[in-house]
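A quick write-up on the structure given underneath.
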Amino acid sequence: MGDVIVVGAGVVGLTTAWELCCRGISVVVIDPAPAMGASRAAAGMLAPAGEVKFQQAALYPLMKASAAEYSEFVGRLEAAVGIAAGYRRSETLLVAADRADLAELEALQTVQEAQSMPVERMSTRAARALEPALSPRISGAVRAPGDHQIDPRRLATALQVGVEASGSTFVRDSVRSVSVASRGDHSVQTASGEAISAPAVVLAAGLGLADIAGCSSSLQLPLRPVYGDILRTQLPADAPQLLERTVRGVVNGAPVYLVPREDGEIVIGATSREDFRPAPSAGGVWRLLDDARRLVPGVADLEFVEALARARPGTPDDLPYVGQVRAPSGEPVRGLFVSTGHFRHGVLLAPLAARLVSSLIAGDLPATGADASHLAAMDPHRHSAVDSSGAVARSRHERSSR
Ligand SMILES: Cc1cc2nc3c(=O)[nH]c(=O)nc-3n(C[C@H](O)[C@H](O)[C@H](O)COP(=O)(O)OP(=O)(O)OC[C@H]3O[C@@H](n4cnc5c(N)ncnc54)[C@H](O)[C@@H]3O)c2cc1C
């Protein structure tokens, strides 16, 4: 049916499928509800600088590398499908609501600069000259010219069209288990009882991976759902643009962002909660609107369109799991790959993860260099480590959590 089965059609699975199609490799993408998981909620910030948090040093090179690939990736996709993916190179302003928030912003700026990320401290006056809708009460700003954005819903549509136009297929079904063959094709069994076979399988089902049996006895992926509430608002028909740039703020220590699209949509996000409640939280919606209005008072005049909650696929060290699956012996399992756990950065990291997985499948990835370092950082076995003697070692996560 295809050369590769991709399980999961979120932004990660779709981008991987598209990259494979670009290499002339045919794909079967299996998902009961394409692009309706975490990718449906994502704001689409491509923000290596704005996403910097303390003590995430291993993540910064991945974010920078994938951000650097975005322009070429989107250009190639849009040229192939003739659909705009909503990619905007308009920069990001990081703003502080009060002096305590400013201290946090300045502390993060030192990390951003240490990572050679382009950032520039600005006075409130200078920030308001760029974005007059900002409140005069903010206490300062940092400009991040390299932090861009894309509309994940448009991106997902473009990717689906691109994959189908390449002759690959979508199967609307849920994968229950994977049967790994020592020779010949692997196969997946779906909820409707179908068995689909191919020489290679990419497991890109986000949090859903935990429910798929048979991936490998040596692969433990401690994924956890980190829910986020996020709002879609719209400028009234006759209103001028409120913002040109993405505004990310810290209000009383809590993050909030406003992402303006060209069509007048303004996305306001996002909360972060680990309470296993899938519905949007009233308190979260209230907090986001209140904090957003504090930074940009004109938010009160926007039309309210949607409140949505989805779970981010979180990992213990905030790094994704990307690479080839290994057997308990430590040997690579031929044709079995994983790409999940992209947590808060799946839209940003998708091009890098997709390129690396498709290069692994095509067998043309250099053993050394930046890509090898990226794969080492994202090793899917790092929390279920298989040592060189073949024994399943205690995971790094377990060790560090003692
Ligand atoms: C509120 C919010 C805001 C965010 N903002 C940003 C942002 O600005 N920038 C950024 O980079 N990231 C952002 N993220 C993170 C980003 O959304 C995720 O990292 C990304 O969507 C993960 O993509 P994915 O394809 O791995 O997962 P998903 O989008 O969840 O896709 C997984 C897919 O797998 C399918 N699936 C599950 N189980 C099975 C199965 N058994 N068989 C077949 N298919 C299956 C699901 O139906 C789903 O379509 C945000 C997330 C949230 C929640």
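Just so it is clear, the values below take in all heavy atoms, side chains as well, and ignore hydrogens, waters and symmetry mates. Numbering of ligands and ligand atoms starts at 1, following listing order. Just so it is clear, the structure is predicted and the values come from calculations on it, not from any experiment.
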message = Pairs of nitrogen or oxygen atoms closer than 3.5 Å, one from M45 and one from ligand 1: do any exist?
response = yes

request  = Please test H383 against Y321 for ring pair (Phe, Tyr, Trp, His ring centres under 6.0 Å), starting from the C-alpha separation and ending with a verdict.
outcome  = CA-CA 10 Å; H383 296 136; Y321 299 116; 5.6 Å; yes

ask   = Which of the atoms of ligand 1 are close to I212, meaning less than 4.0 Å from one of its heavy atoms?
value = 41 (N)

inquiry  = List ligand 1 atoms under 4.0 Å from G44, heavy atoms only on the residue side.
reply    = 7 (C), 8 (O)

request  = Give the numbers and elements of all ligand 1 atoms closer than 4.0 Å to a heavy atom of D31.
outcome  = 33 (C), 34 (O), 35 (C), 43 (C), 44 (N), 46 (C), 47 (O), 48 (C), 49 (O)

message = Check this for me - ligand 1, A311, N or O atoms closer than 3.5 angstrom, yes or no?
response = no

inquiry  = If the threshold is 4.0 Å, N to carboxylate O, is there a salt bridge linking D290 and R294?
reply    = no

message = Quick check on T340 - does any of its heavy atoms sit under 4.0 Å from an atom of ligand 1?
response = no

task = Identify, by atom number and element, the atoms of ligand 1 in contact range of G37, meaning under 4.0 Å from any of its heavy atoms.
result = 29 (O), 30 (O)

message = Minimum distance, heavy atoms only, to atom 6 (C) of ligand 1: which one of P313, S174, A42, G13 is it?
response = A42

inquiry  = Please list the nearest protein heavy atom to atom 42 (N) of ligand 1 with its residue and the distance rounded to 0.1 Å.
reply    = V175 N, 2.8 Å

ask   = Between atom CG of L319 and atom CG of D379, what is the distance when rounded to the nearest 0.5 Å?
value = 11.0 Å

ask   = What pairs meet the salt bridge (charged side-chain N to carboxylate O under 4.0 Å, His left out) rule with one or both residues in residues 171-193, with sequence neighbours excluded?
value = none

message = Please report the interatomic distance CZ(R121) to OG(S123), rounded to the nearest 0.5 Å.
response = 8.0 Å

key: atom 37 (C) of ligand 1 [closest protein heavy-atom partner, distance rounded to 0.1 Å]   = A205 O, 3.4 Å

Enumerated ligand 1 atoms positioned under 4.0 Å from heavy atoms of F343 = 15 (C), 16 (C), 18 (C), 19 (O)

key: Ligand-side contact atoms (ligand 1) for residue partner Y257, heavy atom cut-off under 4.0 Å   = 3 (C), 5 (N)

task = Report, in ascending order of atom number, the atoms of ligand 1 lying under 4.0 Å from any heavy atom of G10.
result = 25 (O), 29 (O), 31 (O), 33 (C), 49 (O)

inquiry  = Between R293 and D301, does any side-chain N to carboxylate O distance fall below 4.0 Å?
reply    = no

query = Below 3.5 angstrom, do we get any N/O pair linking A270 and ligand 1?
reply = no

task = Please work out which of E51, R344, R172, R312 has its closest non-hydrogen atom nearest to atom 2 (C) of ligand 1.
result = R312

query = How close does the nearest protein non-hydrogen atom get to atom 27 (O) of ligand 1, and which residue and atom is it?
reply = G206 CA, 4.0 Å

remark   = the protein heavy atom lying closest to atom 29 (O) of ligand 1 turns out to be S39 OG, 2.5 Å

task = Looking only at protein heavy atoms, identify the closest one to atom 26 (O) of ligand 1 and say how far it is in Å.
result = V12 CG2, 3.5 Å

key: Qualifying residues under salt bridge (charged side-chain N to carboxylate O under 4.0 Å, His left out), relative to E113, sequence neighbours excluded   = none

message = Taking 4.0 angstrom as the limit and counting only heavy atoms of V7, give me the atoms of ligand 1 inside it, by number and element.
response = 42 (N), 43 (C)

query = Of the protein's non-hydrogen atoms, which lies at the shortest distance from atom 11 (O) of ligand 1, and what is that distance?
reply = L348 N, 2.9 Å

